[in-house]
Amino acid sequence: MTPPQMRFAPRLPGAAASSRALLRVVRRDRLAAVCMTLLALVVLVAVFAPLIAPHSPTEVNLSSAYLGPSLEHPLGTDASGRDILSRVIFGARASLLGPLGVIALALALGVSIALVAAWFGGWVDTGLSAVIDVLFAFPGLLLAIIAVAVFGVGLTAPMLAIGIAYTPIMARIVRSSALRERALPYIAATTVLGLPARRILWRHLLPNVWPLIVAQSTVMFGYATIDLAAISFLGLGQQPPSSDWGLMVAEGRPAILAGHSAEALYPGIVLVLVVLCVMVLGRRLGDRDDRQLPRR
Amino acid sequence: MSALLELEHLRVTLPAEEGATAVLRDVSLQVGAGEAVGLVGASGSGKTMTARAVVRLLPPGAQVGGSIRFAGRSVLDLDREQLLRYRADDVAMVFQDPRSHINPVRRIGDFLTEALVLTQGMRRTAALAKVTRLLGETGVEEPERRLRQYPHELSGGQLQRVMIAAALACEPRLLIADEPTTALDVTTQSEVMAMLDEVRHARGLALLFITHDLDLAAAVCERTVVMRAGAIVDEQPVARADLLQQTAPASSTSAPASSTSAPAFFTSARASSTSAPACSTSAPEPAVLEVSGLCMVFAGLLAVDDVSFAVAPGASLAIVGESGSGKTTIARMIVGLQAPSAGAIAVLGHLRSRPPRGARERRTRGREAQIVFQDNYSSLDPRQRVGDALGEALDLHFRPTAEERRRRVAELLDSVGLKQEHARALPRALSGGERQRAALARALAVQPRLLVLDEAVSSLDVATQAQILDLLAGIRVATGTSYVFISHDLAVVRRVSDEVIVLRRGRIVERGATQQILTSPADPYTRLLLDSVPRPGWKPRRRAQ
Amino acid sequence: MGRASGEGGGARPTPLRSGVWAGVLRRLLRTLATLLVSSFLIFAALYLSPGSPLGFLTHGHSLSPEAVHSIEAQYHLNKPFFERYWLWLTGLLQGDLGRSTITREPVTTLLSPRIGVTFTLVAMGAFLIVVGGILLGVLAGVSGRRIDAGVLAAVTVGMAIPSFVTATILINYLALKLGWFPVYGAGSGFADRLWHLTLPAISLALGLIAYVALITRAAVRVEMGSEHSDTARGRGLRERLVIRRHVVRNALIPVVTVSGITVASLVAGVAVVETAYELPGIGAYLVQSVTNNDFPVVQGICLILVVVYVVVNAVVDVLYLLLDPRLRRSR
Amino acid sequence: GGGSSSTSTSSSSSPAASPFHPAGVNVTPTTPPASSTVAQVVWDEPYGEPASLDPLKSYALPENTVLSNACDALLRTGPDLKLQPGLASSWTHPTPTTWVFKIRPGVRFWDGHPLTVGDVLYSLNRHLNPKLGTFYTAWVADIKSIAQSGPSEVTLTTKVPDVIVAQMMASGLGTVIEKAYAEAKGAAYGTASGGIMCSGPFQFKSWQTGSQITLTRNPGYWDPSLQPKVQTLIFKFITDATTLTNALAAGAIDGTYEVPIQGIARLGGAGKMYYGLSTNQGILQPIQKTGLSANAKVREALSMVIDRTGIAHTVFQGLAVPELAAVPPDSFSYATQRYQQWYLGVGTPTTPNVAAARKLVEEAGNPKSAMTIGIQQGDSQSAAVATAIQSAAKSIGLNMQVKALPTAQYVELIFSEKARAGIDWTTGNNNYIDQAEPLQVLYYWGRSNSPYNLDGFAEKEVDSLFAQARAQAEPEQRAALAVRALQLWVKPVNNIPLYIYPERLFMNKRITGAPSSFSTFLYYPWAAELGGT
Ligand SMILES: Nc1ncnc2c1ncn2[C@@H]1O[C@H](COP(=O)(O)OP(=O)(O)OP(=O)(O)O)[C@@H](O)[C@H]1O
Ligand SMILES: Nc1ncnc2c1ncn2[C@@H]1O[C@H](COP(=O)(O)OP(=O)(O)OP(=O)(O)O)[C@@H](O)[C@H]1O
Ligand SMILES: [Mg+2]
Ligand SMILES: [Mg+2]
């Protein structure tokens with residue numbers, strides 16, 4: 001027989017359920033399908049960037065700066081003669097990693113705080129809510145700027161800061177949803193059955209707030225992408241020669257003056273498209289969830 | 001005299017995810033001027049949809065076929081202006097749930113006068129005077145003050161009266177009342193129905209009265225039609241009390257003989273369970289449940305006030321009382337979901353004044369007492385299959401082998417009258433009754449010594465109710481499980497309990513043997529409560545002034 | 001049936017009007033506590049920062065030890081942490097935010113000319129967000145599929161475009177190509193300032209207009225299909241009246257909250273927009289001061305932004321408390 | 001001084017390629033003189049807002065661009081980069097360690113008070129007071145005293161014989177402010193609220209921090225040849241290339257030095273570009289005493305493989321030329337031929353020689369560890385240059401990283417060992433020398449005890465030659481010594497030369513007249529020449 005600890009080991013809560021929900025959304029909805037495909041493509045491109053990119057994103061060739069589109073350079077080259085397509089492709093890594101980190105942090109912190117607060121209630125809830133309140137006093141971008149002031153430029157500090165800034169939002173949403181869920185008799189029933197708190201939290205409460213979390217995370221991913229791009233734009237995020245899309249837009253901006261808009265244009269378009277798709281998917285997931293819950 | 005309202009072969013189809021569903025398939029009925037017609041049917045049979053079709057307030061995308069005629073005019077052919085006048089002058093609707101049908105952010109006075117001012121062109125002061133009078137007529141105390149209040153400051157009963165007053169304000173010819181009392185407790189229901197009846201007669205209103213309670217319909221209507229699955233069925237309505245009477249003996253003290261109602265599983269498992277005391281009949285056994293001086297205060301509200309009682313092994317105690325009297329609160333305290341403000345609860349002699357320490361004590365307490373909740377819509381984890389829910393309970397308490405678990409789950413499903421396929425179903429795919437049975441099966445899986453049933457059968461149809469009650473009785477005899485049975489349904493109470501306590505505003509007003517209380521109540525409140533329950537030949541009455 | 005729950009039971013206790021004020025007072029106290037903790041966090045964070053403010057003071061030119069010492073004394077660099085925090089805090093209460101390590105001017109002197117620009121920008125952004133967002137949302141909410149889908153699409157795109165991208169586009173087209181707006185500067189005088197800040201305000205607001213519009217649309221949708229709206233329709237009220245009296249009024253409650261929070265979040269967005277348009281506001285100055293390690297200025301600006309953010313949020317909460325007679329809110 | 005500058009003042013057809021200035025660029029230290037008065041000129045400070053207008057703290061571009069018009073120094077750096085008399089009507093060098101400045105009579109501060117020797121002494125001695133924290137510490141270290149030596153005469157005594165410190169009397173070091181005013185203001189002197197009090201052609205009117213500095217014409221300016229023609233002179237602080245270009249194109253800003261290169265194409269219709277002399281240069285400076293960057297072979301290989309022509313053509317769009325030794329050739333204001341000859345003979349390649357460089361790297365043992373170039377955040381040009389260097393290093397198997405540092409950290413590199421940790425090289429736009437004096441290069445980076453000499457270069461011979469040169473007042477002889485020292489300094493590649501570029505000046509159609517040279521706009525009342533076309 002499996003030891004008791006093993007039996008209550010947390011499975012990935014609702015992962016199957018939410019991927020199923022995603023599939024359902026995609027099957028019914030052409031726009032969502034298009035977005036999904038696009039995002040999948042971007043992720044694939046990011047993962048296999050070295051295989052896909054025709055050139056190295058950092059390979060400078062000063063004699064071939066500002067080339068127009070050609071077979072060799074489908075999107076042309078930038079001020080240093082680097083291949084813009086390759087930079088955009090590698091930029092997917094730099095640009096998606098940050099938001100992923102943000103979401104991971106906001107999820108881990110926010111969901112734990114929320115579940116613990118909702119479950120234990122009383123002074124635990126009061127204390128954690130106070131923490132959430134204080135965190136809530138800092139808009140994401142501002143916290144990121146402070147983090148840069150303290151820890152210096154780069155990806156890590158703004159990413160952590162925005163993750164922390166998103167934590168209270170996630171925590172509030174999850175907490176209220178968990179409180180609502182917690183008040184329902186099925187949770188009471190599991191308590192009366194004698195299930196340990198850990199199991200109730202992981203196997204019953206979390207899976208039921210999970211769709212909301214997924215929808216929220218998706219939308220947050222969109223915002224995190226924009227916020228991190230803004231930080232890069234301000235020169236406080238990733239630094240040259242990174243191919244972060246926000247940074248590329250910022251770097252490419254002066255070249256527009258001289259009529260070379262490609263370096264700013266393409267990463268800008270990809271950035272907007274990715275955010276757009278993520279937002280559309282997030283909203284659809286949220287909608288979907290409402291319809292799916294039993295009518296009460 | 002031709003009918004005021006005439007529905008002929010009314011069909012309504014609603015757009016659904018795949019194709020369209022016919023919500024109403026074939027509805028034909030007539031309401032004469034000044035006539036009261038009852039429309040009865042199970043939940044989801046299409047009663048509300050019929051009412052909405054009459055005022056052409058169907059969900060977007062609805063397709064309507066057949067005809068609706070009001071005073072000879074075809075309602076479906078009215079143009080926009082005519083439709084507005086028709087709604088404003090001819091029909092009025094009292095909706096099912098007043099709390100959600102009255103704008104929560106506008107004052108009561110605003111709600112009441114809105115139609116008068118905006119559709120009848122009445123001056124506001126005149127309108128206010130009129131609705132004040134109407135409110136008084138419908139039995140709302142201090143009507144002037146109410147006008148300045150917001151909906152949430154009124155009780156459900158008061159709000160329902162406001163809704164009726166609003167419907168009467170424009171002096172319609174036909175009043176459609178959609179389950180106007182479902183949300184109310186029996187005593188209030190009786191009052192509201194009496195008021196409605198009075199007002200209708202006084203004004204010669206035609207009434208289409210929608211309810212799922214046949215006795216209630218019979219009490220106020222001249223004629224009753226029955227609806228099932230979107231169509232009027234041409235059959236004589238059956239009173240549910242009769243059904244209960246037929247299928248089960250009136251007294252539960254005599255053991256129900258059928259061995260099938262208590263499956264082998266319960267007896268065998270209980271016998272093998274070492275922690276549970278043997279079920280013997282030896283005389284001075286300690287009470288399974290002992291409650292003394294129990295109090296519960298919610299933000300200044302004394303919800304439970306000094307309640308004491310005991311339940312002996314194998315006994316069944318019923319708690320009755322109007323809505324809000326504290327029944328559920330007591331139930332929750334017994335199983336430890338809520339800590340009492342004062343007083344003591346002991347189950348099998350173990351005090352439950354503090355939360356359980358550690359997993360072992362949790363489990364022990366789980367085996368001592370279980371509960372089946374009032375609200376079947378959410379008493380099961382919406383993401384857990386029924387079989388898994390049962391399996392989880394079994395795993396926790398008995399650690400069966402996979403084989404054993406499967407067998408026991410099958411037995412449990414069988415015993416509550418569920419099919420084996422239901423093991424794989426998610427709660428959302430179950431009907432209300434099926435969900436309730438699954439919840440019951442989960443509670444039974446633990447083989448508790450005490451089972452608290454909070455309105456556990458109220459949402460079931462009569463036949464299923466009878467079956468479950470049989471099962472409960474069987475288990476009680478076979479295993480000596482004790483019950484605390486909460487219900488407002490006196491017929492059910494009569495059938496399952498030996499003893500009754502009557503609760504009013506958190507206090508016990510009367511207690512005693514079931515038979516005695518139900519037949520000759522001593523307390524006036526108990527009498528009122530009994531009088532308010534619709535039954536054949538019953539008439540709603542206003543509370544004695 | 002399932003609805004026969006305790007919900008409809010006995011009359012609820014009538015909430016006293018004083019209940020509202022108690023709520024307001026509680027919110028106020030919580031806000032103050034939050035602000036105090038935030039001020040501590042801001043101070044502590046920058047205290048922990050590795051770089052020394054001395055670094056920039058000398059512009060990379062070496063400094064004599066005496067000069068270093070006098071600077072340290074002037075900026076309390078040699079005092080223990082809590083004493084420095086205390087000095088800073090008590091200074092704050094007297095309107096003293098310390099001195100910039102770079103210009104050696106009082107931070108308040110440095111910020112006062114910049115705050116006007118930022119304030120106007122935020123006010124204009126807030127106006128655009130509230131008016132534009134709510135109008136678009138109501139339009140989408142009450143209209144048929146076509147208009148709804150159109151607004152929805154526009155709004156979603158608007159939400160996905162970062163403000164620095166719109167800034168580039170707007171300057172290039174509306175300011176340079178068409179010459180409708182100035183390409184640079186914050187203007188002087190009221191009308192001129194509004195004219196100068198129009199494009200920045202649009203950049204600032206665009207994504208958030210979209211957000212408010214979405215929320216408004218959803219709220220309007222809910223209220224359009226709400227049962228109490230149906231009651232009004234069933235009583236023969238014209239659709240126009242139903243929308244005005246029941247849909248918009250009720251939808252306003254969540255919308256006010258969201259608009260408020262959104263407007264509050266503008267204070268962070270100004271950093272990006274002011275930098276993109278090179279406006280002399282405190283947002284751009286914050287970014288500049290961060291790169292210059294001018295900690296007193298960073299602390300001062302962060303504090304101002306956080307105070308505005310927290311206070312606006314608190315005001316919105318109170319507004320909500322007053323707007324919704326049900327007062328059934330437990331955060 | 002003596003000798004002619006390397007510039008051609010002819011503005012005929014576009015000049016042919018030269019190793020000193022880009023082909024097609026007409027370098028003129030002056031612009032067509034102004035012929036009319038103008039009510040207002042809005043000028044930009046592309047490096048941002050000054051931190052202070054106190055000469056003690058004005059040792060950077062933004063401060064001096066403004067200050068040079070408001071406050072007179074003893075000397076000026078003229079458009080041809082040669083020293084001119086300022087508040088000192090003449091100066092002599094009686095002994096190797098003394099400099100005597102004759103203070104011009106009849107000069108008045110803006111408030112009407114006469115400028116006295118007392119003010120001069122007060123101003124100059126402020127730098128010697130360690131409590132006040134001058135930014136000119138390195139220079140002050142060589143000054144022994146500044147004292148009155150006659151009724152209108154001031155004597156500067158240096159610790160060692162030194163000609164170059166006297167040249168610095170054209171900078172903040174020699175700037176004169178009103179004693180009474182400065183004492184009254186105390187620490188607030190030079191701040192936006194404290195203001196300043198000087199005698200320059202433009203007087204300080206207001207400083208709205210974050211937004212602008214406003215100067216107005218000083219009607220009583222003492223120099224008849226530099227009577228300002230602009231009534232109000234406003235400085236804005238736009239740093240973003242795009243915004244600045246747009247503002248210039250739209251006429252919101254009238255002119256600026258250091259015009260953003262990418263924007264020049266856009267400015268055609270709005271006004272005119274001018275190119276001037278410059279003592280600025282782009283170098284790759286090693287800042288560690290140990291590690292790979294200290295390895296002579298690695299340095300040489302790197303220097304060999306950098307595509308200087310590419311950088312000049314692409315990053316600077318043809319507005320720069322490769323630098324052949326880490327001394328800006330426009331600084332060859334005397335003994336020009338001797339210096340130029342040396343400069344052209346150093347032999348730094350302008351296009352990459354990968355094969356030879358590879359060999360050197362091999363000889364160095366094919367090092368695998370990484371080096372890092374630190375650049376200033378937001379300096380897009382240096383970022384592009386660093387990226388090009390990174391790519392070049394990669395081509396010979398060297399691992400080079402680029403790290404952008406916040407301004408504060410970047411400037412800290414110079415004096416904080418801690419800040420330097422992990423950074424091997426830096427490149428940026430702040431490696432200019434203040435005066436057209438090649439010796440300043442050695443003063444900063446060549447002598448062993450300079451605080452700016454970060455890689456620990458120490459060569460006794462260089463030190464001794466430098467000491468002799470700085471003592472030598474005679475230009476040709478000084479140049480001879482300087483060239484010998486420089487040669488020793490550049491031999492084991494030290495600062496790696498990258499590019500030089502003429503100063504870029506833009507004035508719109510309305511205005512003209514400003515001199516176009518770098519360090520003239522820092523140490524000369526350039527705006528007094530500005531006026532209507
Ligand atoms: N807006 C809607 N869209 C789609 N289906 C609906 C909608 N409203 C009701 N239905 C479906 O129509 C059927 C009839 O619903 P209706 O509300 O008329 O039932 P009812 O008889 O009033 O039940 P109850 O007693 O529970 O009120 C049900 O199956 C219900 O699920
Ligand atoms: N968590 C709570 N907070 C505040 N008041 C509560 C809470 N739970 C119950 N009450 C109040 O306590 C009283 C008793 O409620 P309870 O649910 O026990 O009634 P009930 O007898 O079960 O009614 P019903 O028949 O409607 O289920 C009611 O007035 C209810 O509003
Ligand atoms: Mg209904
Ligand atoms: Mg109850």
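What you see below is based on every heavy atom in this structure, not just the backbone, and it leaves out hydrogens, waters and symmetry mates. Not measured: the values here are computed from a predicted model. Chain identifiers are assigned alphabetically (A, B, ...) following the order of the sequence lines, protein sequences preceding nucleic acid strands; residue numbering begins at 1 within each chain.
Of the atoms belonging to Ala166(B), heavy atoms from both backbone and side chain fall under 4.5 Å from chain C. No part of Gln120(B) comes within reach of chain C, as not one of its non-hydrogen atoms sits under 4.5 angstrom from that chain. Contacts of Tyr86(B) with chain C are absent, with no heavy-atom separation under 4.5 Å from either backbone or side chain. Heavy-atom distances place both the backbone and the side chain of Leu237(C) under 4.5 Å from chain B. Both the backbone and the side chain of Ala115(B) come within contact range of chain C, judged by heavy atoms closer than 4.5 Å. Only the side chain of Thr119(B) comes within contact range of chain C, with heavy atoms under 4.5 Å apart. In this structure, chain C has a heavy atom under 4.5 Å from the side chain of Arg52(B), while its backbone stays farther away.
Met163(B) contributes atom CE, which lies 4.5 Å from atom OG1 of Thr231(C) (distance to the nearest 0.5 angstrom).
The salt bridge (Lys or Arg N to Asp or Glu O under 4.0 Å) search around Asp305(B) returns Arg507(B), not counting sequence neighbours. Take Phe40(C) and apply the ring-ring contact (aromatic ring centres under 6.0 Å, His included) test, not counting sequence neighbours, and it matches Phe81(C), Tyr85(C).
The shortest heavy-atom contact between His228(C) and Pro104(B) is CD2-CD, 3.9 Å.
With a 6.0 Å radius and a threshold of 12 heavy atoms from other residues, nucleotides or ligands, Phe111(B) has its CZ atom above the threshold. The environment of CZ in Arg244(C) is sparse: at most 12 heavy-atom neighbours from other residues, nucleotides or ligands sit within 6.0 Å. Counting heavy atoms of neighbouring residues, nucleotides and ligands inside a 6.0 Å radius, atom CZ of Arg238(C) does not exceed 12 of them.
A donor-acceptor pair under 3.5 Å is formed between the side chain of Arg106(B) and the backbone N or O of Arg245(C).
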In sequence, state the C-alpha distance, the side-chain angles, and the governing distance for Leu118(B) and Arg235(C), and then conclude on side chain to side chain contact (heavy atoms under 4.5 Å, CB included). CA-CA 10 Å; Leu118(B) 296 175; Arg235(C) 297 165 91 188; over 6 Å; no

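Residue Asn103(B) is tested with His246(C), Glu227(C), Glu223(C) for a side chain to side chain contact (heavy atoms under 4.5 Å, CB included); the sole match is His246(C).
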